[in-house]
Amino acid sequence: MLWKLRLFWYRTDKAGLAVAAYFVLVVGGLAFGLQAVYAYRDAEAARVREFHARSLDCLARNVYYEARSESLAGQYAVAEVTMNRKASLGYPKTVCEVVYQKDAFSWTGMRSLETPAGLAWQRAVRVASDVYYQQRPRELHGALHYHATYVRPDWSSEKERIGRIGRHVFYR
């Protein structure tokens, strides 16, 4: 039996086998490369989805802790200031970096906070989503600062006051 295989091998035209082997290698290489490209694309899409989910969570937490007792307009205004800061040159470039920037928002310095929950959290998430994905027109163009009405920070006299919404005063 082995001698038949050996005889077949020596009598066979090797050019056809070389072409077939070359074809299999090329197709296999292309299939492997295509699989790698799709895997990279899927991983990149997952990273982008995770980044946006994390950004949305940071924005919602800021709305929740800074303005959960405010009107809907007041919550939108707080979210808008956060996004205006993200877009401004003098601030970090991601929502989470803006929110957790040292001394940017009062709640981030607190050691223990209750876990966001309930209707107030659901509303904060909806507000954050609307502002993050630009689902509503902006009201406070250029507003980068705000404070509660019961305080008067030193910086407030240096900024242009835009208006008051609920218990917050907004500035450019």
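Bear in mind that the values here come from a model prediction, so they are computed numbers and not experimental data.
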Practice item. Show your working on side-chain contact (heavy atoms from CB on, under 4.5 Å) between N84 and R138 and close with a plain yes or no. Key: CA-CA 10 Å; N84 286 347; R138 294 199 172 210; 2.6 Å; yes

Review point. Which atom pair, heavy atoms only, marks the closest approach of L59 to A128?
Key: CD2-O, 3.5 Å

Study note, to complete from the structure: Here the gap from T82 atom OG1 to L144 atom CG, rounded to the nearest 0.5 Å, amounts to 10.5 Å

Check your understanding: How close do V98 and A104 get, heavy atom to heavy atom, and via which atoms?
Key -> O-CB, 3.7 Å

**Study point:** Closest heavy-atom pair and its distance - E80, E139
**Key:** OE2-N, 2.9 Å

Practice item. For the pair R47 and E44, find out whether any cationic side-chain nitrogen is under 4.0 Å from an anionic carboxylate oxygen. Key: yes

Revision key, fill the gap. Sequence neighbours excluded, the answer for side chain to side chain contact (heavy atoms under 4.5 Å, CB included) partners of E114 is Y64, Y65, R68

Check your understanding: What pairs meet the ring-ring contact (aromatic ring centres under 6.0 Å, His included) rule with one or both residues in residues 17-43, with sequence neighbours excluded?
Key -> none

Exercise for review: Look at the side-chain heavy atoms of Ile, Leu, Val, Met, Phe, Trp and Tyr, link any pair under 4.5 Å apart, and say whether F170 and V151 land in one connected group.
Suggested key: no

Study note, to complete from the structure: In terms of heavy-atom contacts, A77 and I165 come closest through CB-CD1, 3.7 Å

Exercise for review: Would you mind reporting whether L30 and V26 have side-chain heavy atoms less than 4.5 Å apart?
Suggested key: yes

Review point. Hey, mind stepping through V99 and R61 against side-chain contact (heavy atoms from CB on, under 4.5 Å) and telling me if it holds?
Key: CA-CA 9 Å; V99 168; R61 285 177 183 276; 5.9 Å; no

Revision key, fill the gap. Residue pairs meeting side-chain hydrogen bond (donor to acceptor under 3.5 Å, both in side chains), one or both in residues 85-94, sequence neighbours left out, come to T94-E97

Review point. Going by heavy atoms in the side chains, are T149 and R164 under 4.5 Å from each other?
Key: yes

Practice item. Kindly state each residue pair satisfying side-chain hydrogen bond (donor to acceptor under 3.5 Å, both in side chains) with at least one member in residues 117-129, sequence neighbours excluded. Key: Q75-R123

Practice item. Can you run down the side-chain hydrogen bond (donor to acceptor under 3.5 Å, both in side chains) pairs that involve residues 150-162, sequence neighbours left out, and say none if there aren't any? Key: E160-R172

Check your understanding: About how many Å separate CE of M83 and OH of Y132, when rounded to the nearest 0.5 Å?
Key -> 6.0 Å

**Study point:** Nearest non-hydrogen partners of R167 and S69, listed with the distance
**Key:** NH2-OG, 2.6 Å

Exercise for review: Locate the shortest heavy-atom distance separating V95 from S55; write the atom from each residue and the value.
Suggested key: CG1-O, 3.5 Å

Exercise for review: Would you tell me whether Y133 and H52 have side-chain atoms, one donor and one acceptor, within less than 3.5 Å of each other?
Suggested key: no

Review point. Linking I/L/V/M/F/W/Y whenever their side-chain heavy atoms sit closer than 4.5 Å, directly or via other members, would V24 and L34 fall into one cluster?
Key: no

Point to revise | Parallel, tilted or perpendicular: rings of H168 and Y146 (30°, 60°) | key: perpendicular

Review point. Nearest 0.5 Å, what's the OH-CD1 distance between Y171 and I162?
Key: 10.0 Å

Exercise for review: Would you indicate whether the side-chain heavy atoms of L140 and Y76 approach each other to under 4.5 Å?
Suggested key: no

Check your understanding: Is E66 reaching over with its side chain to a backbone N or O of S106, donor-acceptor style, under 3.5 angstrom?
Key -> yes

**Study point:** By side chain to side chain contact (heavy atoms under 4.5 Å, CB included) - contacts of A87 (at least two apart)
**Key:** none

